[in-house]
Participant: 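First the structure, then my questions, so here it is.
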Amino acid sequence: MLMKQASAHLAPITGLQEEEILKLLEIPPQPELGDAAFPCFVLAKSRKKAPAAIAAEIASELKTGDLTAVAAGPYVNIQFNREKWSAELLEQVNHPSFGKLKIGKDARVLIDMSSPNIAKPFGIGHLRSTVIGAALYRLYSEAGYIPVSVNHLGDWGTQFGKQIAAYKRWGNDEALQAEPIRTSLELYVRFHDEAENDPALETEAREWFRKLEQGDEEARRLWTFFVEVSMKEFDRMYERLNVQFDHTLGESFYNDKMGAVVEELKSRGLLEESDGALVVRLEEENMPPCLIIKKDGTTIYPTRDLATAVYRHDVMKADKLLYVVGGEQKLHFKQVFAVLSRMGYEWAANCEHIPFGLMRFEGRKMSTRRGKVVFLQEVLDEAVARALQIIEEKNPHLDNAQDVAEAVGVGAIVFGDLRNNRLNDVDFSLESAVSFEGETGPYVQYTYARMNSVLAKVKDANKSSKNGHATISDDTEINDGASHTANVGDASWALLKLLADYPGYLEKAVVRNEPSVIAKYAIDVAQAFNRFYHAERIADAPAEIRPFRVTLTTCTAERIVRSLYLLGVQAPERM
Ligand code: ARG
């Protein structure tokens, strides 16, 4: 906001476009130097003068009641008139529509997210896809798009042949009902262990998958059973993470939609034989061929993704298709998008893979094959237990400690994931994620609880002053601080500027598909608030400045709640 203002003033003086100036403007290294700094190097050529001389010229020309400009070497440092701009900015950030963008113009963005595999554990990769996807969903909505989320369950493929074969040999219904994923995993691991010495197992598995594809009744029944028990367990997880889907459509949903795609590929002359399989060659794109039909006549993951994309575009009317899936599937998506484009679909350009890095827990990796896995359930429970411990130490009299611990523990995991640039690999340490200090979710939540206790104090003080001789009502005090802005302190000013910059952060997060922008913003706001809280009195501030500081506090609390909401993290009132 202030940067825009500075650009508008500088444009006529420098002869540069406002846009260009916006890009050039810097934030001075020390806040005392000002709110913005304009580097004059770009003008040296046209004005045939040294940048420092130009800075002096510009500073002397830049005379308005809005700001003061001083030359400092090659820079023009700009300090805004705090009294005027504090009122203006506070009014802006306090407006009900503040922070909503319209850049999406109601375009429909389909977000493929979570998408775990049936009968396998919900892995850390799926956790990342779920929390990143859910955050993108809310971010897009906030920016004026219409997001549509789809859980593309891995409910089809040869592994179901293995699952059924193993179940037929060693299965136990009771165990499977009680602990579906663990039991399925045990079957899966046992299958792979025993198949090494017993090749008949692989044949049985292939046979079962063939039966399944042909609609054999027993195979279908067992498959449905696996899907149902797995879903029950996944749903518990989604509930804890507070994630919903607009659609849950597994890969099997596309079984009857692949024929048309294969026909289309054939009629366009794109299918070629290779070792008995059918592929689309992608030499021109410098990629290995995309496998469409396997040697044994069955379809495969890419075939299903082609049918899925066509369905999402044609039937679900998606304008933009996002796939929040780990970086290890990069080639797969490049191939799928390339084939779509070969098929003549211009909208292939609107398909985007949103990859993310690997995550380890305290150095432990994920591997479903060998059964050495970290279960998300356990990670969440552990985080909640640790959160409860800290809460009990800090606030032994908190009533709903268990609920708060759930919000803090789960929030710590979600925030701990989202604060990293999504492409980075993350080595997750539970201890630091749950800590109330540092750049963590609990730190932000704790700071929010602090704002609430300050505001509660304000309300109490107002009540008791009303009992004596009524002055200002609590609502005026909380919502109308903009009218008294003499002597705005440095910490208030820094916090207010950060709040006013929120729309820019939101836009950046959406354009880059990067929830970490908002997570880092929430940390910055929490830190700026804590500096303000320690440097300036709020509830017991002098009467003239109190409404300003109180309103600043309510606006900060609102921004924190909104940022955490966008990330899928709860904000308990007290903790
Ligand atoms: N189920 C897959 C896996 O766990 C991810 C699916 C991603 N979505 C997609 N349309 N391919 O690897």
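Counting convention: from 1, in listed order, for ligands and their atoms alike.
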Participant: To the closest 0.5 Å, what do you measure between CG (N117) and OG (S184)?
Facilitator: 12.0 Å
Participant: With sequence neighbours excluded, tell me which residues meet side-chain contact (heavy atoms from CB on, under 4.5 Å) with K257.
Facilitator: F253, Y254, A307, Y311
Participant: If you look only at pairs with a residue in residues 167-186, which of them pass as a ring pair (Phe, Tyr, Trp, His ring centres under 6.0 Å), with sequence neighbours excluded?
Facilitator: Y167-F226
Participant: Ligand 1: which residues have a non-hydrogen atom closer than 4.0 Å?
Facilitator: D112, S115, N117, H126, H152, Y301, D305, Y323, V325, Q329, F333
Participant: Output the distance between atom OH (Y188) and atom CD1 (I181), rounded to the nearest 0.5 Å.
Facilitator: 13.0 Å
Participant: Kindly indicate whether a cation-pi arrangement holds for R559 with Y502, taking the cut-offs as under 6.0 Å to the six-membered ring centre and within 45° of the axis.
Facilitator: yes
Participant: Give me each pair satisfying ring pair (Phe, Tyr, Trp, His ring centres under 6.0 Å) with a member in residues 276-307, each pair once, sequence neighbours excluded.
Facilitator: Y301-H332
